[in-house]
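Naming convention: chains lettered A, B, ... in sequence-line order (proteins, then strands); numbering from 1 in each chain. Predicted, not measured: the structure shown is a model, and the values here were computed from it.
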Amino acid sequence: MLKIYNTLARDKQDFIPITPNTVRMYVCGMTVYDYCHLGHARVMVVFDMVYRWLKASGYDVTYVRNITDIDDKIIKRAAQNKESIHALTQRFIDAMHEDADALGVQRPDHEPRATQYVPQMLDMIAKLEANGLAYRAADGDVNYAVRKFEGYGKLSGKSLEDLRAGERVEVAENKHDPLDFVLWKHAREDEAEEVKWNSKWGRGRPGWHIECSAMGAELLGKHFDIHGGGADLQFPHHENEIAQSEGAHQCGFVNYWMHNGFVNVDKEKMSKSLGNFFTIREVLKKYDAEVVRFFILRAHYRSPLNYSDAHLDDAKGALTRLYTALKATPLRPLAAGTALIDWSTPHAARFKAAMDDDFNTPEAVAALFDLANEVNRSQSAAAAALMKILAGTLGLLQRDPSEFLQGGASDGVLDDAGINTQIQARIAAKQTKNFAEADRIRKELLGVGIVLEDSASGTTWRRA
RNA sequence: GGCGAGAUAGCAAAAUGGUUAUGCAGCGGAUUGCAAAUCCGCCUAUCCCAGUUCGAUUCUGGGUCUCGCCUCCA
């Protein structure tokens, strides 16, 4: 039985889908005005892992991850760049897809863009207004009346009183309550026509929170199973989504809320404002994308994940051990697909128990290492095949081992042919017992990051 | 200030009311021409103080420290 930590309950709960064997999942995606950083990588990889595990568990999953392509920062950036909103967002959507593909992140079933669902949002705002939960303020904005929604604060555990008492809540005269948030922003003179839509409340554009409520309902229904995102979205974004969706539809919205932890740098949250972020493409210049994916999955998704080169190096070494085991043992030919996994075998059972326990990937990975040990010891083709299939449910170890071990950053000094020439020269030297020469060649290669490994079946190489 | 999460060996990171986490690093052995890889064995832990208990790293209370949210944030 799969258990999921539900932020709403602050506890692990048995996962029971609304419709048997079916899972409908929505994850808050990116605001596309810049390149994705490692924090975004974590959300994508974590929920890709969830998506894969749900499918491996036999569920028919519909996964939606939205794209926010209209918002203040986008408008500002486009103006700075003197380019259209559409050109800007399309550029960074393409970049995001490149990054996601590199990290082995499967495309969600739907990637709705906010700008394509404005009518649905307007519809929803109208419902909220009809239900007495929205009002048009003096400045022309349509706001959500937080005080009118009874359950406000149930996700984040905050009470309206506490929030109001907080020093950082701004007082805005146009709002009935400082915590009221914008559903529809009135059009501003200085903004491009491209960001203005007609509505019964006048020209304008949607507030941020309404897009997720509207697109979730459109693509998954008013009531669905899982909603995910970074822990920083818990409040106010997800709290507001609940207020909007339940307020408009007058029914339950999401059963399980999942929030992943941050990527930190020196124990501080990686963020744009602190300037301590690393973009995915920047990191991928130094590290293999699968190493980055492995680095993310080696920690539990709710724990903080500290980023540093030392940790990436460590992840690389660990992943190398797994691929080395696969390299040494031929796989028993098996068609892909989890239907062939015998979950009763000890390693598979341990792996499954770990994954079913709130997606405990560190424990699942530990099972993989134990399996690698067995593979190395027994040279069992079946064990190697099991290892690869289990890892596949995490999106790992699917490449040819040699590609992984020999790939990566080449310093350009030697190509494969050059390396093989050196290896042949060393074999010749060894045959004449000229070990000094053989060692010299090996040392020379090591100097350019090539490690030679002799075995009964010959000499192979990998990059350090 | 309000609310929440967490403190595990040199580093990273799980789990557990008593019994091996796991990876990297380190040490010893096997193997190797020597290495590397691999195998076998070993070493280094549970922030502090009380309490519950036959027994607590695990539960309870207090403390210290760290981080996050309360403003855009994945």
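- A distance of 13.0 Å separates NE2 in His237(A) from OG in Ser156(A), rounded to the nearest 0.5 Å.
- Following rounding to the nearest Å, Ile441(A) (CD1) and rA36(B) (P) show an atom-to-atom distance of 19 Å.
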Any protein N or O atoms within reach of nucleotides 37-42 of chain B? Criterion: under 3.5 Å, listing atom names and distances.
residue	atom	partner	partner atom	Å
rA37(B)	O4'	Glu453(A)	OE2	3.1
rU38(B)	OP1	Arg321(A)	NH1	3.3
rU38(B)	O3'	Asn376(A)	ND2	3.1
rC39(B)	OP1	Arg321(A)	NH2	3.3
rC39(B)	OP1	Asn373(A)	ND2	3.0
rC39(B)	OP1	Asn376(A)	ND2	3.3
rC39(B)	OP2	Arg321(A)	NH1	3.3
rC40(B)	OP1	Arg377(A)	NE	3.3
rC40(B)	OP2	Asn373(A)	ND2	3.3

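- Distance CZ/Phe149(A) to CD/Glu246(A): 4.5 Å, rounded to 0.5 Å.
- Backbone-only contact: Ala318(A) has heavy atoms under 4.0 Å from sugar-phosphate atoms and none from a base.
- Val263(A) comes within contact range of at least one nucleobase, with a heavy-atom separation under 4.0 Å.
- Of all nucleotides listed (rG23(B), rA74(B), rG2(B)), rG23(B) comes nearest to the side chain of Phe369(A).
- Here rC67(B) is the nucleotide among rC72(B), rC67(B), rA74(B) with the atom lying nearest to any side-chain atom of Lys267(A).
- Taking atom P in both rG28(B) and rA35(B), the straight-line distance is 12 Å, to the nearest Å.
- Within the cation-pi definition used here (under 6.0 Å to the ring centroid, within 45° of the axis), Arg302(A) qualifies as a partner of Tyr5(A).
- Classified by interplanar angle (parallel below 30°, tilted 30° to 60°, perpendicular above 60°), the ring pair Tyr63(A)/Tyr51(A) is tilted.
- Taking atom CG of Leu446(A) as the reference point, atom C1' of rA35(B) lies 10 Å away to the nearest angstrom.
- Under the rule for a side-chain hydrogen bond (donor to acceptor under 3.5 Å, both in side chains), Thr324(A) has no partner lying at least two apart in sequence or in another chain.
- Partner of Leu394(A) under the side chain to side chain contact (heavy atoms under 4.5 Å, CB included) criterion, chosen from Asp48(A), Val45(A), Thr361(A): Thr361(A).
- A salt bridge links Arg440(A) with Glu437(A): at least one charged nitrogen is closer than 4.0 Å to a carboxylate oxygen.
- Asn360(A) is linked by a side-chain hydrogen bond (donor to acceptor under 3.5 Å, both in side chains) to nothing, counting only residues two or more places apart in sequence or in another chain.
- The residue among Ser271(A) and Pro304(A) whose nearest nucleotide of RNA chain B is located toward the 5' end is Pro304(A).
- Ranking rC24(B), rG68(B), rA21(B) by closeness to the Asp314(A) side chain, first place goes to rC24(B).
- Of the P atoms belonging to rU22(B) and rA14(B), the separation is 15 Å, rounded to the nearest Å.
- Asp370(A) comes within 4.0 angstrom of sugar-phosphate atoms only, judged by non-hydrogen atoms across all strands, and of no base.
- Of the candidate nucleotides rA74(B), rA12(B), rG33(B), rG33(B) has the atom nearest to the side chain of Arg442(A).
- Note on Gly261(A): a base of the nucleic acid sits closer than 4.0 angstrom, heavy atoms only.
- Straight-line distance from the CZ atom of Arg10(A) to the C1' atom of rC3(B): 9 Å, rounded to whole Å.
- Taking atom CZ of residue Phe294(A) and atom C1' of nucleotide rA12(B), one finds them 11 Å apart after rounding to whole Å.
- Atom NZ of residue Lys388(A) and atom CG of residue Leu386(A) lie 13.0 Å apart, to the nearest 0.5 angstrom.
- Comparing rA5(B) with rA45(B), their P atoms sit 30 Å apart, to the nearest whole Å.
- Mapping Met30(A) and Phe435(A) onto RNA chain B by nearest heavy atom places Phe435(A) closer to the 5' end of the strand.
- Nucleotides rU52(B) and rG41(B) have their P atoms positioned 41 Å apart, rounded to a whole Å.
- Here Asp439(A) does not pair with Lys443(A) in a salt bridge; the nearest charged N to carboxylate O distance is not below 4.0 Å.
- His238(A) and His227(A) have perpendicular rings, their planes meeting at more than 60° on a 0 to 90° scale where under 30° would count as parallel.
- For Lys269(A) and Phe262(A), the positive end sits near the middle of the six-membered ring, less than 6.0 Å away and at most 45° from its axis.
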Review item, nucleotides 14-20 of chain B N/O atoms under 3.5 Å of protein N/O:
residue	atom	partner	partner atom	Å
rA14(B)	OP1	His300(A)	N	2.8
rA14(B)	OP1	Ser303(A)	OG	3.1
rA14(B)	O3'	Asn360(A)	ND2	3.1
rA15(B)	OP1	Asn360(A)	ND2	3.2

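- Between Phe224(A) and Phe253(A), the two ring planes are perpendicular [angle over 60°; tilted spans 30° to 60°].
- Look at Lys269(A) and you'll find a side-chain N or O under 4.0 angstrom from OP1 or OP2 of rC69(B).
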Next item on the list: Start with the C-alpha gap between Thr62(A) and Asp109(A), add the side-chain angles, then the distance that decides, and say whether side-chain hydrogen bond (donor to acceptor under 3.5 Å, both in side chains) holds.
Entry: CA-CA 6 Å; Thr62(A) 306; Asp109(A) 298 291; 5.2 Å; no

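- Among the atoms of the strands shown, base atoms are found under 4.0 Å from some heavy atom of Leu452(A).
- For rC72(B), the base has no donor-acceptor partner in the side chain of Lys272(A) [N/O atoms by modelled type, under 3.5 angstrom].
- Between the side chain of Asp232(A) and the base of rG68(B) there is no donor-acceptor pair of N/O atoms closer than 3.5 Å.
- Nucleic acid contact for Lys433(A): none, since no nucleic acid atom lies under 4.0 Å from a heavy atom of the residue.
- For the pair Lys316(A) and Tyr287(A), the cation-pi criterion (under 6.0 Å, within 45° of the ring axis) is not fulfilled.
- Taking a pair as Watson-Crick or G-U wobble with both distances under 3.5 Å, the runs of three or more consecutive pairs in RNA chain B are B:1-7 with B:64-70, B:10-12 with B:22-24, B:26-30 with B:38-42, B:47-51 with B:59-63.
- Between Lys3(A) and the choices Asp357(A), Asp11(A), Asp14(A), the side chain to side chain donor-acceptor pair (under 3.5 Å) rule is met once, by Asp14(A).
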Show me the protein contacts with nucleotides 44-47 of chain B, counting only N or O atoms at under 3.5 Å.
none

